[in-house]
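Throughout, a chain's letter reflects where its sequence line sits, starting with A, and its residues are numbered from 1.
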There are 2 protein chains.
Amino acid sequence: MNLQFSIQPNEKLALRNPESTELGRKIVREGLLLMMELGYEHFTFKKLAEITQTTEASIYRYFENKHRLLLYFLTWYWNLLEFAVLTSIQNIADPTQKIGKVIDILTSPLPDVGEAAGMSKSALQSVAIAESSKVYLVKEVDDINRERLFKPYKDLCARIAALFTELNPAYPYPRSLASTLVEMSQFQPYFKEHLPALTDFAEPKDGKRIADYLNHLVFSSLK
Amino acid sequence: MNLQFSIQPNEKLALRNPESTELGRKIVREGLLLMMELGYEHFTFKKLAEITQTTEASIYRYFENKHRLLLYFLTWYWNLLEFAVLTSIQNIADPTQKIGKVIDILTSPLPDVGEAAGMSKSALQSVAIAESSKVYLVKEVDDINRERLFKPYKDLCARIAALFTELNPAYPYPRSLASTLVEMSQFQPYFKEHLPALTDFAEPKDGKRIADYLNHLVFSSLK
DNA sequence: ACAAAAATGATAGTTGTACTATTATTTTTT
DNA sequence: AAAAAATAATAGTACAACTATCATTTTTGT
């Protein structure tokens with residue numbers, strides 16, 4: 001029953017596998033919290049070195065730069081999400097139910113299964129919501145893509161797209177709908193918190209939930 | 001018939017109105033092209049100063065920093081979009097047709113109506129696609145929002161949301177659907193170009209178009 | 001248990017970004 | 001033509017994003 005979930009890290013992600021040493025684990029554990037606290041732009045390796053009682057140079061031995069560190073966090077996040085999706089639907093036969101479950105997972109705190117190299121699951125989710133776009137909205141996107149570093153994100157979307165096709169094989173846009181779903185499961189909570197005019201989820205609980213919106217969106221399309 | 005469309009610039013956007021001087025216009029005109037070429041991260045005021053044959057200090061007299069300059073570009077973009085939406089639907093009565101027209105506008109090159117302080121419309125669109133998220137996915141989002149600097153984006157979404165409500169007054173998520181539509185009209189072309197696995201719009205023309213996807217998405221929901 | 005190898009710490013230095021300040025010169029306004 | 005405003009030229013600061021060197025500590029293989 002203990003489903004072992006080990007990501008085979010693309011070795012281009014990190015210069016040295018941070019999971020293999022105490023310092024490496026400290027860097028990613030504390031680095032994640034610091035990036036959540038400061039935001040990607042204000043986060044620096046120097047500040048992280050102070051917190052982890054190490055030096056900038058030591059951090060650079062693990063990660064080429066902070067963009068790679070962000071990518072490392074997101075790789076974990078995407079892998080954990082895909083894992084959560086897979087395990088949660090494994091005993092469900094009905095595709096409608098499976099998709100509902102996926103939306104549930106996308107809009108809930110990450111389930112506490114699997115290890116994440118000591119990193120906080122909720123911090124991973126916060127960083128994913130606020131920073132994930134920055135990992136591919138860069139000039140270097142094609143180079144990074146060539147290194148296969150977006151594979152975990154693509155795999156997650158492909159997995160979800162396959163469920164859409166299972167429910168409705170004639171639906172013509174399963175992959176776009178999957179990327180829309182994943183992106184919006186991050187943007188809508190962000191908008192809800194910071195730019196509520198862009199959503200319908202005003203704080204005084206009016207019963208509307210993001211999950212309901214996404215369910216409506218997806219199932220309307222697949223109908 | 002010449003609908004004058006002048007944005008009343010929030011004076012917090014720029015320190016000095018760049019439209020009012022030759023140098024100001026040059027800064028935004030060349031700055032836009034340079035930001036498109038280099039991407040937001042690699043764009044600097046120093047490089048822009050070289051190109052415009054001026055000094056860093058002079059540019060800083062117009063814009064506090066490059067984030068404000070990006071916001072300036074996007075403000076124009078959002079205003080131009082809203083203007084295009086308004087003019088294109090003004091003679092249409094049928095809400096279904098209006099929404100179709102809006103999706104058309106969101107997925108086509110910006111129509112060449114209105115002036116944009118000498119800035120290239122296609123460059124505005126490119127920058128909007130690749131960089132717009134970076135304007136609100138920052139720690140300072142709440143401060144910027146308090147200055148009303150996201151109003152043009154909210155107005156655009158509100159306008160679109162109103163059309164959704166017009167078509168189906170019972171639809172519970174008009175604003176989220178509007179922000180989803182606007183965001184996806186930018187993300188899907190970006191994905192199509194850089195991460196095509198996340199879309200269904202493979203280059204060898206298979207007839208599927210982003211506009212068709214968005215139409216299907218929106219009208220399914222509003223059905 | 002010991003030598004070799006690897007990782008880390010301490011330190012320093014480079015380049016570039018993101019600004020701010022000062023003063024002289026040019027341009028615009030009245 | 002004088003006053004005011006904008007710009008150019010120049011300089012300088014703080015900090016980000018690295019790279020390099022070498023001594024020390026820790027780990028690993030035998």
Side-chain angles (χ1 to χ4, degrees), chain A residues 9 11-31 34-35 37-73 117 131 134-135 138-140 143-144, chain B residues 9 11-31 34-35 37-73 117 131 134-135 138-140 143-144:
Chain A
E11 69 263 346
K12 286 162 189 159
L13 231 194
L15 300 172
R16 234 204 260 330
N17 183 2
E19 289 169 69
S20 66
T21 68
E22 192 47 57
L23 180 62
R25 285 186 292 270
K26 201 171 173 189
I27 286 170
V28 297
R29 189 171 8 98
E30 300 293 327
L34 188 62
M35 194 178 288
E37 187 188 332
L38 300 181
Y40 181 73
E41 287 75 18
H42 297 297
F43 172 93
T44 70
F45 278 1
K46 185 155 194 223
K47 292 171 186 167
L48 178 56
E50 275 161 35
I51 284 179
T52 54
Q53 308 258 57
T54 182
T55 61
E56 250 183 300
S58 295
I59 297 175
Y60 276 105
R61 278 187 210 105
Y62 285 89
F63 294 99
E64 232 175 292
N65 52 51
K66 73 172 172 176
H67 190 264
R68 287 292 158 121
L69 179 59
L70 173 60
L71 192 45
Y72 180 86
F73 295 146
E131 321 292 358
K134 296 168 193 170
V135 93
V138 293
K139 274 289 162 188
E140 297 80 6
D143 299 319
I144 299 170
Chain B
E11 67 264 345
K12 286 163 189 158
L13 232 193
L15 300 173
R16 233 204 261 331
N17 182 2
E19 288 170 69
S20 66
T21 67
E22 191 49 56
L23 180 63
R25 286 186 292 270
K26 201 171 172 190
I27 286 170
V28 297
R29 187 169 12 97
E30 300 293 327
L34 188 63
M35 193 179 288
E37 187 187 332
L38 301 181
Y40 181 74
E41 286 75 19
H42 296 297
F43 171 94
T44 71
F45 278 0
K46 187 158 192 219
K47 292 172 187 168
L48 178 56
E50 276 161 34
I51 283 180
T52 55
Q53 307 258 56
T54 183
T55 61
E56 253 185 296
S58 295
I59 297 175
Y60 275 105
R61 273 185 219 106
Y62 285 89
F63 294 98
E64 232 176 294
N65 52 49
K66 72 172 172 177
H67 190 265
R68 286 293 158 121
L69 179 59
L70 173 60
L71 191 46
Y72 180 86
F73 295 145
E131 322 291 359
K134 296 169 192 171
V135 94
V138 292
K139 273 289 162 188
E140 297 81 7
D143 300 319
I144 300 171

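Atom OG1 of residue A:T52 and atom CD1 of residue A:I27 lie 6.0 Å apart, to the nearest 0.5 angstrom. Distance check: A:L23 CG to A:T55 OG1 gives 8.5 Å after rounding to the nearest 0.5 Å. Separation of atoms NZ (A:K66) and CZ (A:F45) is listed at 9.0 Å; rounding is to 0.5 Å.
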request  = Indicate for each nucleotide in nucleotides 8-29 of chain D, in 5' to 3' sequence, whether protein heavy atoms under 4.0 Å reach the base (B), only the sugar-phosphate (S), or nothing (-).
outcome  = B-------SBBBB---------

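B:K134 pairs by the side chain to side chain donor-acceptor pair (under 3.5 Å) definition with B:E41, B:E131, not counting sequence neighbours. Listed by chain and number, the residues in a side chain to side chain donor-acceptor pair (under 3.5 Å) with A:E140 are B:H42 (sequence neighbours excluded). By the side chain to side chain donor-acceptor pair (under 3.5 Å) test, A:R25 is found to be paired with A:E22, residues two or more places apart in sequence or in another chain being considered.
Listed here is the closest heavy atom pair of A:E30 and A:L48: C-CD1, 3.9 Å. Closest approach of B:F63 and B:P18 over heavy atoms only: CZ-CG, 3.7 Å.
Looking only at side-chain heavy atoms (C-beta outward), A:Y60 and A:L15 stay at 4.5 Å or farther from each other.
Side-chain N or O atoms of B:R68 include none that pairs as donor or acceptor with a backbone N or O of B:Y62 at under 3.5 Å.
When heavy atoms are screened at a 4.0 angstrom cut-off, B:F63 is found touching no nucleic acid atom at all.
Between its two ends, the helix from C:dA1-D:dT30 to C:dT30-D:dA1 turns its axis by 30°, counting five pairs per end and rounding to 10 degrees.
Heavy-atom contacts of chain B under 4.0 Å fall on DNA chain C between two terminal nucleotides, which in 5' to 3' order are C:dT17 to C:dA21.
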